[in-house]
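Every chain is numbered from 1 and lettered A, B, ... according to where its sequence line falls, protein lines coming before strand lines. As the structure is a prediction and not an experimental result, all values here were calculated from the model.
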Amino acid sequence: MTVDFPVLTSLIVAPLLGAVVVALVPSRRSEVHLPLGIALSMIPVALAGWLFVAFEKTAGFQFAEFTEIYSGWGVNWHLGVDGISLPLIVLTTILVPVSLAVSGAITDRTKLFVAMVLLLEAGMIGVFLALDLIVFFVFFELVLVPMYFIIGIWGSESRIYAAVKFFLYTAFGSALMLAGIIALGLGNLRATGSLTFDYVAIAEVGVAVGSQWWLFLVFALAFAIKVPLFPFHTWLPDAHVQAPTAGSVLLAGVLLKLGTYGFLRFNLPLFPEATLDAVPWMAALAVVGVIYGAAVAIVQPDLKKLVAYSSVSHLGFIVLGTFALTRQGLEGAVIQGVNHGLSTGALFLLVGMLYERRHTKKIADFGGLAKAAPLMAGFFLFMSFASIGLPGLNGFVGEFLILVGSYATLPVYAIVAATGVVLATIYLLWAYQRVFTGEPTSEDNAGMKDLKGVEVTVLSVLSILILVLGLYPRILLDKITPTTDALLERMEISTSYVVPPGGSDG
Amino acid sequence: MVDTAVSLIAILPELVFVLGAVAVLMVDVTWKPALRVHGWIAAVAVAGASGALFAQWRDVDVNSIRLAYGDMILLDHQGVVFKGALVVVTALGLGFGWGLFGRLGRKGAEALALVFLSAAGFMFMVGSFHFLMLFLGLEVGSISLYILAGISNESTESDEAAMKYFLLGSVASAILLYGVALFYTASGHLGYGGAFSFVSTLNTQIVFKPSIVPLAVALVLVGLLFKIAAAPFHAWAPDVYQGAPAGITGYMAAAAKIGAIAALARLVQVAFRDLPDTWQAPLAGVAAVSIVLGTIYAIVQTDLRRILAYSGVAHAGFLLVGVSSGGIGARGVVFYILTYAVALVAAFGLVGQVSGPASAGSPLDAYRGLSKSSPVVAGALSVLMLALAGMPVTTGFVAKFGVFTAAWAAGQEWLVLVALVASVAAFAFYLRVIVLMYFEDGDGPTVSLGLGAKVSLAVSLVVTIGLGVYPTVLLDLIDRAVY
Amino acid sequence: MTPTPEWYLTLAALLFVIGLAGVLTRRNALIMFMSIELMLNAVNLTFVAGGSLVGNLQGQVSVFFVLVVAAAEVVVGLAIVMAVFRRRATADVDELSGMRG
Amino acid sequence: MEAFVFLVAAAGAVAGAVTLILAKNPVYAALGMLGTLFSLAVLYVTQLAHFVAAVQVVVYAGAIMTLFLFVIMLIGVDAVEDTSERLPSQRVAAVVVIVGAVLFGGYLWLSNTFTWSLARAEVDPLVGSIEATGLILFREWLLPFEVTSLLLIIAAIGAVALALFRPARRHVGDPGSGDSGGER
Amino acid sequence: MDALVTFAHDWLWLILALPLAGAVLNHFAGSRMPEPLAGVLATLASGAALVVAVVAAIPWMFGDEHEAVTVTLWEWMPSLGATLEMRWDPLSITMTLLVAGVGSLIHLYSIGYMHGDSRFASYFVYLNLFAFSMLALVLANNFALMFLGWELVGLCSYLLISFWREKDVAAVAGKKAFVVNRIGDLGFIVALMLVFGAFGTLSFDTVLHDPGSTLAAGTATAIGLLLLLGAAGKSAQVPLHVWLPDAMAGPTPASALIHAATMVTAGVYLVARVSPIYELSDTALTAVAVVGTVTALLAATIAIAQNDIKKVLAYSTVSQLGFMFLAVGSAAHVAGIFHLITHAFFKALLFLGAGSVIHAMGDEQDIRKMGGLLKKMPVTGATMAVATLAIAGIPPLAGFWSKDEILASAFDRGGAYTVLWAVALFTALLTAVYMTRWFILVFLGQPRWDEGVHPHESPRVMTIPLLVLAVLSLGGGFLNTPFWLGLEHFLEPAFEGVHLQHVPEGTTGMVLIVVSIVVAVLGLVVGWLVYGGGDERRERVLARFARPLRGAEGAWYVDEAYERTIVRGAAASAEGMATIDVTVVDGAVNGVAWLVRKAGESVRPLQSGFVRNYGAGMVAGAIGLAIWLVSRGV
């Protein structure tokens with residue numbers, strides 16, 4: 001596929017330039033920064049929209065761009081998009097203006113905030129687009145910085161602890177991955193005589209079986225921390241709870257997906273043998289995460305923490321689907337990434353709106369809010385059900401694909417994971433009940449303001465996406481499936497693995 | 001016997017700096033001019049040295065690598081690059097620390113001259129192809145630094161720093177020199193060329209494995225490792241970098257590291273090249289110890305200058321990761337030292353701007369809320385901290401990547417893993433600075449940068465980020481320089 | 001029994017270690033300096049003896065350079081001692097331990 | 001005869017060195033140092049390094065030690081040092097280090113892999129005549145020789161800069177306005 | 001006829017689209033309309049769906065069309081074979097007509113009942129959404145669509161139970177209902193995993209067409225049992241029956257529609273629908289029957305002692321659903337569906353009647369504070385009498401026929417089923433007793449009203465549905481009698497390949513009928529004797545059974561037992577995990593950080609500030625390095 005202009009590079013550069021533009025506006029014009037940022041973040045939305053429409057329903061990388069950066073190390077500016085990355089890119093571009101739009105409460109150093117969010121966007125998109133391991137790593141690390149600032153500056157009380165923990169924990173994971181990346185490049189050097197960190201080239205040559213194990217391990221560790229997979233999840237509640245709303249939304253919506261994306265992009269295709277051996281372990285961690293995250297979520301007294309732990313649970317599903325190694329499981333893993341981004345992102349938005357109004361996140365402080373804020377209650381309930389996995393809303397599509405898909409290869413795990421569905425119901429509906437139903441428990445709760453226009457708009461957009469994806473997921477699935485099928489085919493070719501039959505060739 | 005024209009170009013930048021120093025001194029004695037005049041002289045010297053370096057580069061292009069002054073000096077691209085780094089850190093150091101020279105009053109001119117002289121000394125060290133030249137260059141550079149460390153009267157820490165630096169430095173020099181003497185006794189050679197052929201015959205011709213050679217090598221290495229502040233030869237660094245006048249600390253730290261690393265690189269590339277089994281593992285060991293110790297020390301510090309000093313210990317370790325990888329590490333090492341030096345000078349420079357040019361120490365508390373009182377300084381310092389930490393999109397990452405790749409290729413996987421884990425732990429203290437500046441409230445000082453500092457800062461940031469994003473510019477250059 | 005250069009070399013090693021011991025055990029800055037000078041002298045002896053062992057004059061010539069370096073070091077070192085002494089009225093290096101940790 | 005000279009000179013050198021590191025009074029230490037320097041000069045002569053020997057006496061014993069004594073006098077000759085160790089563990093550390101160095105050296109010296117030199121020249125004894133020395137010094141090694149001049153400049157600057165002690169003048173922007181050249 | 005078949009094929013989607021459109025319209029515009037309009041619109045939407053369904057059903061009901069028509073809406077999840085496809089066959093026709101018909105009546109009734117409620121429009125949104133969901137459930141030709149409907153009815157149930165969300169009871173009950181349902185759904189989902197694992201698709205066309213050729217017996221049993229779990233959740237069968245009584249916190253018409261007539265019967269429908277799979281597993285089938293019987297008995301005993309006008313009906317519903325489960329568990333699917341239909345009529349009627357009473361009594365629900373309402377509310381009272389007789393099983397009312405068929409089928413199946421039959425028979429007796437009690441306490445005897453309560457007959461919009469339903473309760477039984485098996489003939493094509501259990505014929509059949517009648521009458525008599533003889537006698541009689549009655553009133557403390565074991569256990573383990581999360585999992589992370597710091601602190605004294613210490617360290621390092629190098633040699 002040839003294109004006239006480098007759309008992928010533009011996708012990365014546009015937010016960067018946006019950040020620069022915002023930075024150039026004088027600090028005293030603080031009222032301009034946020035609207036300007038939102039406006040600028042619509043450019044990537046447009047680009048991603050075009051990309052989405054123009055994307056052909058085939059496997060392989062499209063819109064690829066290739067420019068040599070430094071031949072001595074075999075590092076290239078190699079970008080491309082396929083069915084795994086496309087949905088996440090679209091999600092990213094959508095969530096950025098959303099999270100900016102609800103950040104009206106940020107009045108301190110607005111300019112820096114907007115610039116950081118845009119920088120973060122560039123980093124996130126870069127991760128999804130990079131087809132060179134080094135470029136990937138660069139973006140993978142780069143996203144830490146703006147998020148670190150976002151949590152650290154605009155977070156709540158223990159923001160510093162949370163920000164540092166977030167940074168160090170995830171950096172630790174990726175540090176070892178860097179060793180793996182280096183080893184991959186040098187392994188290619190040994191195998192073919194040319195040093196390259198090009199993903200496509202390395203994938204083509206393949207990785208020696210003997211070194212797949214530890215490479216799998218270091219990559220998996222990096223991604224497991226990012227996902228986060230039990231027991232590497234403890235940075236997440238802290239980061240989420242302390243982060244400002246925009247931070248939580250982007251963290252849950254996109255940053256966590258960097259991990260699941262990494263599994264799909266690197267672990268499976270590059271280390272197929274090791275993947276096969278790791279399946280029981282990864283699946284076990286995933287399932288434990290599903291149950292554990294949900295169980296811990298139930299008893300959280302803090303609404304935001306509850307949603308955070310729900311992410312642990314949901315992301316466990318994605319990992320389970322990934323390592324089920326069936327077409328349904330993989331499809332589910334990809335689309336669930338988007339779904340979780342939308343629904344959990346929306347829940348974080350709502351928690352943020354609550355916090356903005358009541359300056360508390362403790363569930364016990366709320367009560368009977370539905371009376372004063374029926375719209376908010378409605379949206380919260382809607383998002384909760386999306387998150388619970390109610391058929392017709394997007395969450396179901398992903399979870400169902402994952403569960404059914406993983407049953408074929410991991411029946412016991414799948415069945416155990418299915419109980420997570422019940423637990424999700426418990427923690428979300430219980431939270432809803434305590435927060436929104438009953439008579440208002442205090443003056444503040446009785447007099448709380450309902451949603452504003454911009455909030456309704458944002459939530460409506462997300463709701464529409466949730467509904468569309470819930471009822472007609474093929475809008476994404478059709479673009480995902482060729483890629484995931486190709487991935488499985490690759491597994492079959494390079495290993496003795498046989499994808500279990502099942503499913504018509506829709 | 002000595003072709004003067006050829007030989008002069010071999011030491012042209014050194015010559016320019018020496019002339020610059022002399023000019024400063026003479027002008028100061030004769031006319032007692034305003035500091036501004038010295039500034040112009042310094043600018044001319046830097047420009048002249050840059051021109052000289054350019055001439056050297058071209059000369060090597062045209063006439064290829066060669067030796068001069070009785071095989072004392074080697075003129076090659078690698079040397080030019082290292083000398084270039086010295087010129088850059090000199091210029092940046094002076095730009096950042098210019099305030100100091102005013103504060104020093106009548107000693108300002110002397111201090112300026114010493115900076116140039118020490119730079120010239122380290123350049124000699126870079127160019128040296130002879131143990132004696134190495135020693136002399138090292139001493140010219142070091143003794144100047146001892147004086148610079150103690151040149152301020154404003155704080156008692158200054159002379160404490162000078163004393164510590166001087167005592168330990170002298171012992172280290174003596175140890176190095178003893179190693180040289182032993183090597184000479186063993187081989188009969190003081191030139192690297194002779195040393196190289198002697199060492200290579202050790203492998204092929206002599207069945208007998210003498211212990212005098214590794215002993216000599218070890219003692220020589222100790223002297224150089226001391227200069228780059230590698231553990232366990234690092235103890236002077238934190239105290240000196242805390243106590244020395246803030247305005248010049250960055251230059252001191254960077255220049256000594258450049259000179260010593262260049263010399264070390266030359267030794268493992270030429271003189272001791274055929275003894276890899278002897279020095280590789282111990283250097284790797286020193287690297288690991290330096291990285292780990294430097295990192296855990298830095299984590300518990302409360303003074304930014306000590307943090308930078310200890311981080312310098314860790315960085316010495318990272319450099320040694322590349323050095324211990326032998327020839328394949330050269331590219332990474334050169335890139336590392338060049339970019340690290342710039343970031344280091346800039347970081348110390350900003351510290352000097354925050355705490356005052358003649359100050360000793362820079363307690364972290366001073367940085368609380370700096371992002372509000374001095375957003376530019378805070379932002380720049382954040383970038384530099386991230387660069388020192390090795391964050392992608394800064395030179396720090398490219399540099400680390402370079403040495404790690406080399407070390408991995410050289411079979412030192414364990415070292416890379418240690419270094420990687422430690423570099424994550426190191427984030428803890430780099431980030432702490434950002435925490436204080438951005439996340440915590442407080443009324444940090446309002447820092448107004450002078451012209452020199454502004455220019456230097458801009459250059460440093462452009463280098464740090466520019467080469468971090470697109471390192472190819474420098475890497476291509478380095479690829480022509482190393483072999 | 002004619003003393004061979006090895007004798008000298010051994011003596012030099014001994015002197016070097018004695019010098020080292022002086023640096024480590026004494027806390028008077030001046031005596032430490034002198035110990036360092038002693039180490040440099042040991043090096044000189046090594047150069048001279050080594051030169052006669054390997055049969056070239058480079059060792060002897062090197063001694064001159066070491067000498068100059070030693071002289072320069074002493075001058076600077078003594079200047080530092082003076083500076084310290086003026087400020088603190090002591091030449092005890094143990095008094096200079098304000099920076100630590 | 002030669003052995004006798006060596007032994008005497010060596011004993012003198014060691015005795016001087018031990019005096020240096022044990023003397024409580026810096027003056028005694030300096031005298032011990034002086035003894036060592038002279039002993040070494042003797043040893044240089046026996047090694048046929050005549051010029052070196054001469055320089056040793058003139059520069060070292062003459063100039064450097066004088067400087068030392070000068071400073072010792074300046075800061076108080078009666079400042080008898082209390083040699084009791086106050087630093088915890090420093091003495092232990094020093095002993096361990098020195099003993100370690102000696103043991104290691106001794107081990108090396110006695111081991112069968114030890115030799116001082118692998119490039120033993122079986123030629124006529126070298127004579128460090130002034131001519132021969134000068135040829136190397138001013139021809140082959142011209143550059144280092146010139147570089148030593150830098151050291152001397154630095155030493156001069158250093159002495160001035162460090163020893164010049166006045167109450168610091170804060171915020172002086174312009175050094176030229178003072179009487180700067182005066183001390184030089 | 002062909003034209004109508006084509007109509008069915010082309011316009012079937014309207015049955016789903018109309019209520020959905022009503023819901024969407026009301027959602028966005030309802031609150032801005034004047035009050036009744038929203039309700040009217042919703043009723044029209046539901047009614048229109050009914051009309052479409054009726055028209056589309058003609059070829060099957062009155063023509064000779066038997067084959068199912070399937071309509072594919074769109075592919076939902078292609079790789080799962082999850083397609084939104086609809087099926088128009090006798091079974092779905094029956095259910096559609098029932099749902100749309102009863103639904104429309106209740107829509108209509110609700111206009112009156114919900115009058116003046118602040119969230120009037122929202123209520124109708126939920127109601128319409130429910131109609132849509134339930135129709136999707138019954139019209140599905142694919143497990144995916146069925147599950148969609150299955151879950152959405154659960155959602156609507158949740159929304160309607162906790163409709164008055166300011167009331168904590170309602171909110172908690174709604175949540176409980178959904179959660180318990182969700183536990184059942186777990187079984188459903190896992191069953192779907194098994195189904196997909198075995199068939200590679202979720203379409204009924206494949207799965208239900210001769211599943212025996214694909215499915216191993218063990219898998220069939222597993223699927224059957226898992227679906228039973230799902231069905232038990234939705235249909236409030238033991239052990240998941242606890243949510244339904246609580247669900248009475250919702251508006252009464254919603255209770256009538258969802259928690260009596262339609263949604264709760266989804267479990268029965270499910271078992272009937274997937275009967276080809278149950279066909280393969282006697283174990284699963286028997287399990288269904290046992291669960292049904294146990295539930296029937298348990299709920300009936302509880303119903304006897306309840307004092308809330310709706311709770312009695314709720315437990316009665318649970319009990320009747322148990323009968324239906326017994327039926328489908330006996331492979332008497334037609335009998336099950338038949339009872340489903342008749343039950344829908346009379347139970348909807350009972351609930352609407354109860355609603356009418358509650359309305360009249362000013363939201364009073366305690367039957368001990370009622371009595372003598374027949375005079376004040378003649379229409380309600382009369383229709384309730386019909387309903388009571390119908391549910392008690394008095395011929396020729398609707399309940400008699402259907403219940404009798406169930407009992408007869410179970411008896412005829414023999415073996416263990418004989419025991420089930422006996423239990424069910426006893427339950428039938430209890431049914432008559434508690435319904436008699438209910439009717440007497442509410443409508444007969446002396447008024448025991450609270451001060452200020454002035455009962456009055458409900459408005460027309462509410463009584464018309466009562467009357468319609470009363471008629472249906474009277475005559476509905478004639479759909480399928482031993483003398484004219486209309487429904488059975490109609491439904492049989494839908495159970496192609498299933499060995500349906502039939503009602504025994506001849507003498508056995510007659511005897512069983514007589515037994516049923518006797519039992520029903522006996523129940524009425526007992527009820528009359530105990531409750532009809534004035535307060536004093538009642539107290540005296542009941543005192544003798546005080547203990548069991550107290551247990552029954554407490555619903556045999558199942559809720560409490562769950563609370564003490566499962567809920568608290570789960571909560572405790574969740575708390576435990578949360579603690580572990582902070583102390584162990586996160587503790588390890590912080591521990592590493594602490595360790596690094598500690599290491600830094602512990603080496604810090606080495607940097608003592610004394611230059612000689614530094615020197616010693618340096619020299620030691622030098623010696624160490626020298627030793628290292630020397631040891632490596634050259």
> So what's closer than 4.5 Å to chain D heavy atoms on B/His130: side chain, backbone, both or neither?
Replying inline: side chain

> Who pairs with B/Tyr165 by side chain to side chain donor-acceptor pair (under 3.5 Å), at least two apart in sequence or on another chain?
Replying inline: none

> Run the side-chain contact (heavy atoms from CB on, under 4.5 Å) check on B/Trp40 and B/Val27 step by step: do they pass?
Replying inline: CA-CA 12 Å; B/Trp40 283 113; B/Val27 168; over 6 Å; no

> Does CZ belonging to D/Phe138 count more than 12 external heavy atoms closer than 6.0 Å?
Replying inline: yes

>> For D/Ser111, give me all partners under side chain to side chain donor-acceptor pair (under 3.5 Å), at least two apart in sequence or on another chain.
In response: D/Thr113

> Can you say whether B/Ala113 sits under 4.5 Å from chain D via the side chain, the backbone, both, or neither, judging by heavy atoms?
Replying inline: side chain

> Looking only at atom types and distance, does a side-chain atom of D/Ser39 sit under 3.5 Å from a main-chain N or O of D/Ala13, one as donor and one as acceptor?
Replying inline: yes

>> If I compare all heavy atoms of B/Ile151 with all of B/Pro245, which pair ends up nearest, and what's the gap?
In response: CG2-CG, 4.1 Å

>> At a 4.5 Å cut-off on heavy atoms, which part of B/Leu148 comes close to chain D: side chain, backbone, both, or neither?
In response: neither

> Does a sphere of radius 6.0 Å around CZ in D/Arg120 hold more than 12 heavy atoms from other residues, nucleotides or ligands, not counting ones at 6.0 Å or beyond?
Replying inline: yes

> Which bit of B/Leu132 is near chain D, if near means a heavy-atom gap under 4.5 Å: side chain, backbone, both or neither?
Replying inline: side chain

> What part of B/Val37 lies closer than 4.5 angstrom to a heavy atom of chain D: side chain, backbone, both or neither?
Replying inline: neither

> Where does B/Leu190 contact chain D at under 4.5 Å (heavy atoms): side chain, backbone, both or neither?
Replying inline: side chain

> So, for B/Phe131 and B/Phe183, is the gap between ring centers shorter than 6.0 Å?
Replying inline: yes

> Should we count OH of D/Tyr28 as having more than 12 external heavy atoms under 6.0 Å?
Replying inline: no

>> Check the orientation of D/Phe114 and D/Trp116. Use parallel for under 30°, tilted for 30 to 60°, and perpendicular for over 60°.
In response: perpendicular

> Would you find a donor on one side and an acceptor on the other, under 3.5 Å apart, between the side chain of D/Ser117 and the backbone of B/Thr185?
Replying inline: yes

> Taking non-hydrogen atoms and a cut-off under 4.5 angstrom, which of residues 138-147 of chain B neighbour chain D?
Replying inline: B/Glu139, B/Val140, B/Ile143, B/Ser144, B/Ile147

> Any donor and acceptor pair, going by atom type alone, linking the side chain of B/Ser158 with main-chain N or O of B/Ala149 inside 3.5 Å?
Replying inline: yes

> Does any heavy atom of chain D fall under 4.5 Å from the side chain of B/Ser187, the backbone, both, or neither of them?
Replying inline: backbone

> Within residues 146-157 of chain D, which positions have a heavy-atom distance to chain B below 4.5 Å?
Replying inline: D/Val147, D/Thr148, D/Leu150, D/Leu151, D/Ile153, D/Ile154, D/Ile157

>> Does any part of the side chain of B/Leu114, heavy atoms only, come nearer than 4.5 Å to the side chain of B/Ile248, both counted from C-beta?
In response: no

